Every structure is written in C-alpha cells, then in structure tokens.
Undergrad: 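Got a structure here, written out as structure tokens. Questions coming.
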Amino acid sequence: MAGGTGACPRPRYRRRLHRQLHALDFYAARPRNRWIFIAIHFHVVIVALLVGTGLGAAVAVWAYTIAVAAVVNLLAGRAAQTFVGGLLLAVGLTGLPLLPGLTPAMAAVSALFMLKVLFSFAVDHYRTVVSSSG
C-alpha cells in the first residue's frame with residue numbers, strides 16, 4: 001500500500017493484545033499471585049474516603065467483593081466457576097441500591113469495582129476445564 005497506510009496500527013494492536021494475554025496467563029499460572037492481586041484491591045474504600053461519602057457502604061462492597069472473589073477463585077478449573085462468578089456478581093449488583101448512604105456516583109464506582117475484581121479477575125476466562133471422566 002502506498003505510504004504504509006493500514007500496516008502500522010496492526011502490529012501495535014497485536015503487541016498490546018499479547019501483553020494483555022500474557023498478564024492473564026501470568027495470574028492463571030500463578031495462583032499465589034492471583035490471590036495477592038485480588039487482595040490488594042481496596043481502592044473503592046479509598047475513593048469513598050476521598051469523596052467523603054458512603055464509607056460504610058464502600059467497606060460493605062469491598063468486604064463482599066473480596067469474600068466472594070475468594071470463593072470464585074477457589075473454583076478455578078471447574079466448569080461452574082464462570083456461572084458462580086456471574087451469579088454472585090448479579091447478587092452484589094442487585095444489593096447495591098439497598099446500601100444506605102451510597103450516592104449514585106459511588107454506586108457506579110462500586111458496580112465497576114465488583115465487575116473488575118469479582119468477575120474479570122477472579123474468574124479464569126481462558127481455563128481448560130479438567131474432565132471428570134479422565
């Protein structure tokens with residue numbers, strides 16, 4: 001192609017995709033690192049402190065998310081992991097409006113926090129499920 005149009009973005013996109021997949025493989029292959037990665041996510045509480053609203057609700061969201069992410073992480077390698085992760089995410093999202101003192105902005109931050117930690121990180125989306133028939 002004249003002027004190299006169309007050829008430049010593709011290699012950059014492939015490198016970025018490769019880095020993202022490598023990060024997923026890194027945590028999938030190292031369960032201890034995966035646990036640490038999930039445990040260090042407490043920024044929803046920091047956001048509530050900085051905004052000055054909904055601290056109790058943010059702590060409740062954090063506690064639920066980390067506890068449930070631990071349960072989902074224990075299901076690694078099982079076919080039910082994705083379903084259980086999605087179900088517990090839905091339960092958490094459904095409970096958000098019931099939390100007293102949670103502003104709409106903090107509800108949005110909390111929902112994204114749950115999605116990120118509980119479903120995106122705790123669920124191994126690229127797993128190979130071990131067959132029970134051997």
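Quick caveat: nothing in here was measured; it's all calculated off a predicted structure. Hydrogens, waters and symmetry mates play no part in the numbers below; they use all other heavy atoms, side chains included.
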Undergrad: Going through the distances and angles, do V72 and F119 end up as a side chain to side chain contact (heavy atoms under 4.5 Å, CB included)?
TA: CA-CA 9 Å; V72 171; F119 196 73; over 6 Å; no
Undergrad: Return the CG to CG distance between L93 and L89, rounded to the nearest 0.5 Å.
TA: 4.5 Å
Undergrad: Taking side chain to side chain contact (heavy atoms under 4.5 Å, CB included) as the definition, give me every residue that meets it alongside V91, ordered by chain and number, with sequence neighbours left out.
TA: Y64
Undergrad: Which residues pass the side chain to side chain contact (heavy atoms under 4.5 Å, CB included) test with A57, not counting sequence neighbours?
TA: L99, L102
Undergrad: According to a hydrophobic-cluster definition based on side-chain heavy atoms being under 4.5 Å apart (Ile, Leu, Val, Met, Phe, Trp, Tyr only), do L87 and V71 belong together?
TA: no
Undergrad: Sort and list the pairs that fulfil ring-ring contact (aromatic ring centres under 6.0 Å, His included) and have at least one residue in residues 84-110, not counting sequence neighbours.
TA: none
Undergrad: Any side-chain to backbone donor/acceptor pair from Q81 onto L74? Under 3.5 Å, distance only.
TA: no
Undergrad: Give every residue pair that meets the ring-ring contact (aromatic ring centres under 6.0 Å, His included) criterion with at least one member in residues 93-118, sequence neighbours excluded.
TA: H43-F113
Undergrad: Could you pull out the closest heavy-atom pair between V123 and G85, with the gap in Å?
TA: CG2-CA, 4.2 Å
Undergrad: For residues 65-101, pull every pair meeting ring-ring contact (aromatic ring centres under 6.0 Å, His included), keeping only residues two or more places apart or in separate chains.
TA: none
Undergrad: Answer yes or no: is there a donor N or O on one side and an acceptor on the other, between the side chain of W62 and the main chain of H41, under 3.5 Å?
TA: yes
Undergrad: Treating Ile, Leu, Val, Met, Phe, Trp and Tyr as nodes and any side-chain heavy-atom pair under 4.5 angstrom as an edge, say whether V45 and L112 lie in one connected cluster.
TA: no
Undergrad: Shortest non-hydrogen contact from G54 to A48?
TA: O-CB, 4.0 Å
Undergrad: Side chain to side chain contact (heavy atoms under 4.5 Å, CB included) with V47: which residues, sequence neighbours excluded?
TA: V51, M106, V109
Undergrad: If the condition is side chain to side chain contact (heavy atoms under 4.5 Å, CB included), which residues does I46 pass it with, not counting sequence neighbours?
TA: F42, L50
Undergrad: Which pair of non-hydrogen atoms, one from M114 and one from L96, has the smallest distance, and what is that distance?
TA: CE-CD2, 4.0 Å
